[in-house]
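Chain identifiers are assigned alphabetically (A, B, ...) following the order of the sequence lines, protein sequences preceding nucleic acid strands; residue numbering begins at 1 within each chain.
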Number of protein chains: 2
Amino acid sequence: MMKTREKILEASIELFTASGYEGTSLGAIADKVGIKKPSLYAHFKNKEAIFLEAVEIGEAGYHDLLKRMINEQKGTAAHILRSLLEEAVAAFEEEHLLSQFYYRFLFFPPSGLEEKISSITTQGTRRLDALLADIIERGQEEGELTTELTVEQILRSYLCMLGGTDFDIRYYQHSSVDRKAYLEMIWSVFWRGVKA
Amino acid sequence: MMKTREKILEASIELFTASGYEGTSLGAIADKVGIKKPSLYAHFKNKEAIFLEAVEIGEAGYHDLLKRMINEQKGTAAHILRSLLEEAVAAFEEEHLLSQFYYRFLFFPPSGLEEKISSITTQGTRRLDALLADIIERGQEEGELTTELTVEQILRSYLCMLGGTDFDIRYYQHSSVDRKAYLEMIWSVFWRGVKA
DNA sequence: GTCTATACGGCGATAGAC
DNA sequence: GTCTATCGCCGTATAGAC
């Protein structure tokens with residue numbers, strides 16, 4: 001059985017993701033949890049405290065998901081980068097709650113909470129960059145990736161491709177573009193750009 | 001002298017961009033315009049009507065900006081694509097109101113208005129794709145761009161790079177990454193991938 | 001077209017009983 | 001820890017004078 005406090009946070013993440021900070025009322029959160037509005041105050045000081053703790057949990061979950069994905073990949077650097085792209089995009093589509101929550105409040109934080117949010121999110125990013133940089137470096141050493149480019153060039157391009165793909169998939173979500181074909185197109189150009 | 005109606009829309013775009021739909025009150029809009037709250041109802045039926053007309057104006061402005069940029073570029077396809085990337089990113093940074101407004105409500109529309117918004121925004125996208133496809137096709141005919149890739153492959157990769165760059169620049173906005181150096185890194189990998 | 005006055009509901013938040 | 005009751009405020013929206 002889940003504790004009320006956790007249920008509040010879970011419900012909050014869903015509602016904040018769907019309707020934003022100002023668009024989500026404490027009444028809606030209480031309804032979703034199955035308690036009355038004032039009971040929320042037994043667990044949190046106020047709405048802002050609920051939100052900020054939800055952001056912490058969302059941030060940790062998002063970065064853990066990516067970290068686990070990176071560490072699960074086996075094989076050549078090329079294969080790792082290729083399947084990571086595929087899995088990350090698939091995860092963002094299926095388990096899209098986390099990434100939606102994460103990006104919503106990273107890019108469009110509620111007025112007044114900008115700094116508190118960015119201080120939570122900036123921590124996790126660098127660790128992931130370091131993991132990927134290792135993979136790229138190994139790919140260069142083993143002769144799969146060109147050494148005419150620096151590790152940072154390849155890393156930034158890869159991250160740009162990841163971000164752009166996520167971006168485009170949201171953008172074209174109501175269009176006819178097939179995800180598998182789309183990824184193949186994007187990857188083939190990237191791979192021509194970085195292969196040895 | 002600007003008409004009140006236009007001033008309302010201009011103020012609305014700024015406030016909606018900064019604080020979202022639910023986070024922007026009619027009182028705040030009226031204050032910014034310099035009138036009293038009930039006077040808004042002489043020009044618009046309700047808040048939703050103000051917002052939807054703001055979205056129409058924002059969409060048109062955003063796509064016009066991009067279209068004008070594309071048409072202004074001269075020279076080889078490579079040069080056009082390169083400087084378009086640079087200009088688009090610069091415009092998104094300086095004149096970032098339009099792109100922020102556009103993406104905020106494309107990706108995170110207020111509850112209940114999802115379909116109305118997407119029906120406004122989907123129109124303009126295809127025209128821009130067609131303009132870029134022409135440039136890419138010409139680049140292939142003139143031997144600058146590889147013919148081992150299809151026009152669509154190159155187009156999607158280019159758009160992914162644009163989207164990813166915009167994404168990353170917001171993402172790393174508080175970090176130390178220099179924009180010029182960043183664009184050079186991204187472009188060099190893309191160019192290796194698509195050159196003949 | 002703009003104003004003052006006001007209606008009405010929902011909001012975040014608190015008091016206090018159980 | 002949860003509830004009922006309630007507070008004060010601010011939200012959208014309307015009525016009606018000028």
Cationic tip of A:K47 within the cone over A:Y41's six-membered ring, i.e. under 6.0 Å and within 45° of the normal? no

Side chain proximity check, B:R156 to A:D168, heavy atoms < 4.5 angstrom: no

Winner on side-chain proximity to B:L26, out of C:dT14, D:dG1, D:dA13, is D:dA13

DNA chain C nearest-nucleotide lookup for B:A42 and A:E48: closer to the 5′ end is B:A42

For atom NZ of A:K3 and atom P of D:dG1, their distance in whole Å: 8 Å

Distance check needed: C:dG9 P versus B:E22 CD, whole Å only. 21 Å

In whole angstroms, the gap separating P of D:dT12 from CZ of B:F51 amounts to 13 Å

Counting only side-chain nitrogens and oxygens, does B:T4 get under 4.0 Å of the OP1 or OP2 atom of C:dG1? no

In whole Å, I'd like the distance from the CD1 atom of B:I35 to the C1' atom of C:dG1. 9 Å

Which listed nucleotide (C:dT2, D:dT14, D:dC3) is nearest to the side chain of A:K36? D:dC3

How many whole angstroms separate atom CE of B:M2 from atom P of C:dG1? 16 Å

Starting at atom CD1 of A:I29, determine the distance to atom C1' of C:dG10, rounded to an integer number of angstrom. 15 Å

Using a distance-only criterion (donor-acceptor N/O pair, under 3.5 Å, no hydrogens), is the base of D:dG11 paired with the side chain of B:K47? no

Nucleotide of D:dT14, D:dG11, D:dT4 approaching B:S25 most closely (side-chain heavy atoms): D:dG11

Gap between atoms CG and P, on B:L40 and D:dA13 respectively (whole Å): 10 Å

Remember a base hit wins even if backbone is also touched, and classify B:S39 as base, sugar-phosphate or nothing at under 4.0 Å, heavy atoms. base

Evaluate B:E184 against A:Q153 for side chain to side chain donor-acceptor pair (under 3.5 Å), listing each step before the verdict. CA-CA 9 Å; B:E184 187 50 45; A:Q153 275 180 302; 6.0 Å; no

Would you mind reading off the distance between B:N46 atom CG and D:dA13 atom C1', rounded to a whole angstrom? 9 Å

Quick note, B:K37 side chain, CB onward, closest among D:dA13, D:dT2, D:dT12 is D:dT12

A:E59 and A:T121: side chain donor to acceptor below 3.5 Å: no

Any side-chain heavy-atom pair from B:Y171 and A:Y103 closer than 4.5 angstrom? yes

